[in-house]
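Reviewing the structure listed below.
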Amino acid sequence: MAIECIKSIQSMPQLPKNQDHKEVDESSLVFDASLLRHQLHLPKHFIWPDEEKPCLKNVPELVVPLIDLGGFLSGDSGAALEAARLIGEACRKHGFFLVVNHGIDSKLISHAHSYMDNFFELPLSQKQRAQRKTGEHCGYASSFTGRFTSKLPWKETLSFQFSAEKNSPKIVKDYLCNTMGKDFEQFGNVYQEYCESMSTLSLGIMELLEISLGVGKAYFREFFEENSSIMRLNYYPPCQKPDLTLGTGPHCDPTSLTILHQDQVGGLQVCVDNKWHSISPNFNAFVVNIGDTFMALSNGRYKSCLHRAVVNSKTTRKSLAFFLCPRSEKVVTPPSELVDDLSPRVYPDFTWPMLLEFTQKHYRADTKTLEAFTNWIQQKRS
């Protein structure tokens with residue numbers, strides 16, 4: 001059984017040390033992109049340590065499979081097996097792959113990118129109507145000045161919750177209208193439709209993951225069918241010293257599955273074999289990667305891989321990230337086919353809200369998030 005959700009930091013055992021995850025006075029530091037994009041001297045909070053500073057030249061391209069979903073989506077069993085084979089190979093190596101012919105309307109994708117511009121080009125005071133509160137994962141964040149004191153990312157984000165539960169309200173549209181006003185109704189409609197499309201696509205990918213792992217039909221699809229997921233709009237303004245900072249620091253996604261759409265400006269990098277590689281933009285494709293929660297669900301067979309985003313001095317970069325997450329009461333435990341004497345349990349049972357709160361309030365996501373979270377659970381049980 002999963003243990004109860006974290007209630008307060010006072011009741012927690014001693015947390016693993018994870019530097020920079022400190023509450024700060026949000027008024028003490030503000031990331032105003034309209035001003036900072038022209039600064040030649042970066043505030044120290046945004047300058048990363050030498051060993052983590054980005055390499056911007058001669059970064060090799062990561063070899064990732066380009067998986068055509070057309071045959072699978074039309075019911076071709078042979079195409080499904082081939083797509084599952086390619087996905088399985090990628091997920092054992094690094095957890096990243098691309099999908100094309102995915103069935104998502106290109107006009108919807110274009111509209112989603114356009115409305116990002118409409119929001120992030122607003123004056124800071126207007127964007128702050130959706131200000132994200134410390135310890136929460138929804139809302140507007142100008143960098144993460146409310147969460148960290150150093151190694152701040154050079155970006156703005158807008159995040160919101162999505163629910164695929166049957167008969168659920170238009171949660172995305174309602175949130176954006178309630179937060180930003182009725183003028184954002186069409187804005188909300190676009191991202192409501194986009195999230196619904198991403199949820200449908202993610203369930204299809206889950207079917208292929210089932211096949212690749214030899215898991216019973218519809219196991220993962222049913223697990224995520226009424227998902228409670230997160231949508232995030234990432235906006236990386238130009239930086240006059242891009243070699244000193246990062247748009248997003250090195251991390252593994254704590255969620256289950258990420259479906260990312262990049263604009264035409266490159267910036268995504270993945271660490272494989274201790275070396276950073278890039279994944280070039282392809283407007284017709286989505287970048288998909290495994291997160292920590294699915295790594296636990298697969299009993300460690302599939303990898304959640306370290307990745308980051310770099311910035312440049314010329315052009316704003318945008319990306320749309322849909323983070324698939326299970327419903328709050330779902331217990332993350334691997335199917336029986338993935339557990340035996342040769343493959344014992346790697347991670348304890350947990351629920352997604354537990355891991356989410358752990359990363360939002362107590363631990364900065366990195367390559368050891370699951371390990372630290374597992375240790376915390378074991379301390380709590382003992």
Side-chain angles (χ1 to χ4, degrees), residues 23-36 108-148 152-165 167-199 226-237 247-248 254-255 258-261 316 318-325 327-328 352-353 356-357 359-361:
E23 291 187 13
V24 297
D25 179 1
E26 292 188 38
S27 64
S28 66
L29 180 66
V30 176
F31 183 84
D32 188 342
S34 65
L35 300 175
L36 287 174
L108 175 61
I109 298 171
S110 295
H111 288 156
H113 279 281
S114 296
Y115 277 96
M116 283 183 70
D117 290 329
N118 294 349
F119 178 82
F120 287 108
E121 290 174 3
L122 290 170
L124 180 63
S125 60
Q126 293 189 40
K127 290 181 285 192
Q128 287 176 328
R129 286 154 64 182
Q131 187 68 44
R132 173 176 174 172
K133 295 182 175 65
T134 301
E136 296 184 357
H137 66 278
C138 288
Y140 167 72
S142 55
S143 187
F144 289 135
T145 57
R147 291 179 63 193
F148 309 125
L152 288 173
W154 193 267
K155 69 174 177 179
E156 300 174 85
T157 60
L158 178 64
S159 308
F160 36 88
Q161 192 78 32
F162 168 75
S163 174
E165 290 186 36
N167 303 317
S168 66
K170 299 291 185 180
I171 186 172
V172 173
K173 176 188 172 184
D174 291 347
Y175 169 78
L176 292 168
C177 287
N178 292 338
T179 303
M180 296 299 296
K182 290 188 176 180
D183 290 345
F184 277 74
E185 183 173 2
Q186 185 55 28
F187 184 98
N189 283 331
V190 167
Y191 290 111
Q192 180 71 46
E193 183 180 354
Y194 186 87
C195 287
E196 290 169 357
S197 297
M198 290 299 100
S199 177
E226 294 192 335
N227 61 84
S228 180
S229 297
I230 301 166
M231 182 72 207
R232 179 167 297 161
L233 316 183
N234 295 306
Y235 198 80
Y236 304 94
T248 301
T255 48
T258 302
I259 304 180
L260 181 80
H261 193 274
T316 295
K318 299 175 292 179
S319 67
L320 300 158
F322 180 83
F323 301 104
L324 180 70
C325 311
R327 284 178 62 175
S328 60
W352 161 241
L356 175 62
E357 185 165 356
T359 57
Q360 291 299 309
K361 294 185 177 180

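What's counted below: heavy atoms across the whole structure, side chains too, no hydrogens, waters or symmetry copies.
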Do L233 and M231 touch side chain to side chain, with heavy atoms closer than 4.5 Å? yes

Separation between CG (N178) and NZ (K173), nearest 0.5 Å, reads 10.5 Å

**OP:** Test salt bridge (charged side-chain N to carboxylate O under 4.0 Å, His left out) on E196 and K170 and set out the steps.
**Re:** CA-CA 10 Å; E196 290 169 357; K170 299 291 185 180; 3.1 Å; yes

In this structure, CD1 of I230 is separated from SG of C138 (nearest 0.5 Å) by 6.5 Å

Point to revise | Aromatic plane relationship, F187 with F119 - under 30° parallel, 30 to 60° tilted, over 60° perpendicular | key: tilted

Contacts of F323 meeting ring-ring contact (aromatic ring centres under 6.0 Å, His included) (sequence neighbours excluded), chain-then-number -> none

Note: H137 and R232 closest approach over all heavy atoms is O-NH2, 4.1 Å

Quiz prompt | Beyond-backbone contact of Q360 with E357, side-chain heavy atoms, under 4.5 angstrom | solution = no

P237 side chain reached by L36 side chain, heavy atoms, under 4.5 Å:
no

In terms of heavy-atom contacts, W352 and C325 come closest through NE1-CB, 3.5 Å

For this session: Indicate whether any N or O donor in one side chain lies under 3.5 Å from an N or O acceptor in the other, for N234 and S319.
Result: yes

Should S197 and L108 be marked as a side-chain contact (heavy atoms from CB on, under 4.5 Å) after you check the CA-CA gap, both sets of side-chain angles, and the distance that decides it? CA-CA 9 Å; S197 297; L108 175 61; 3.5 Å; yes

Scanning both residues in full, the closest heavy-atom pair of S199 with A164 reads OG-CB, 3.8 Å

Output for pair (H111 NE2, N118 CG), nearest 0.5 Å, gives 11.0 Å

Once you measure the plane-to-plane angle for Y115 and Y191, does it fall in the parallel (<30°), tilted (30-60°) or perpendicular (>60°) bin?
perpendicular

Carefully, step by step, assess H113 and I109 under the rule side-chain contact (heavy atoms from CB on, under 4.5 Å). CA-CA 6 Å; H113 279 281; I109 298 171; 3.9 Å; yes

Check your understanding: Is there a side-chain contact between F184 and T179, using heavy atoms and a 4.5 Å cut-off?
Key -> no

Item to check | Sub-4.5 Å side-chain heavy-atom contact between H261 and Y194 | outcome: yes

Looking only at heavy atoms, the pair that brings A130 and L158 closest together is CB-CD1, 4.2 Å

Step by step, would you call T248 with K155 a side-chain hydrogen bond (donor to acceptor under 3.5 Å, both in side chains)? CA-CA 7 Å; T248 301; K155 69 174 177 179; 3.0 Å; yes

The single option from F120, Y235, Y236 that satisfies side chain to side chain contact (heavy atoms under 4.5 Å, CB included) with T316 is Y235

dist C195:SG -> M198:CE (nearest 0.5 Å) comes out at 8.5 Å

Minimal heavy-atom distance between R132 and S159, with the atoms involved, is NH1-OG, 4.2 Å

Heavy-atom closest pair (L324 atom, T255 atom, distance to 0.1 Å) is O-CB, 3.9 Å

Report task. Would you please say whether a donor-acceptor pair under 3.5 Å links the side chains of E156 and Y140? Result -> yes

So, do F162 and S228 sit near enough that their side-chain heavy atoms are less than 4.5 Å apart?
no

Does some side-chain heavy atom of F160 sit less than 4.5 Å from a side-chain heavy atom of S229? no

In this structure, OG of S328 is separated from CG of N227 (nearest 0.5 Å) by 12.0 Å

Query raised in the report: Is there a side-chain contact between L122 and R129, using heavy atoms and a 4.5 Å cut-off?
Result: no

Separation between CE (M116) and NZ (K318), nearest 0.5 Å, reads 6.5 Å

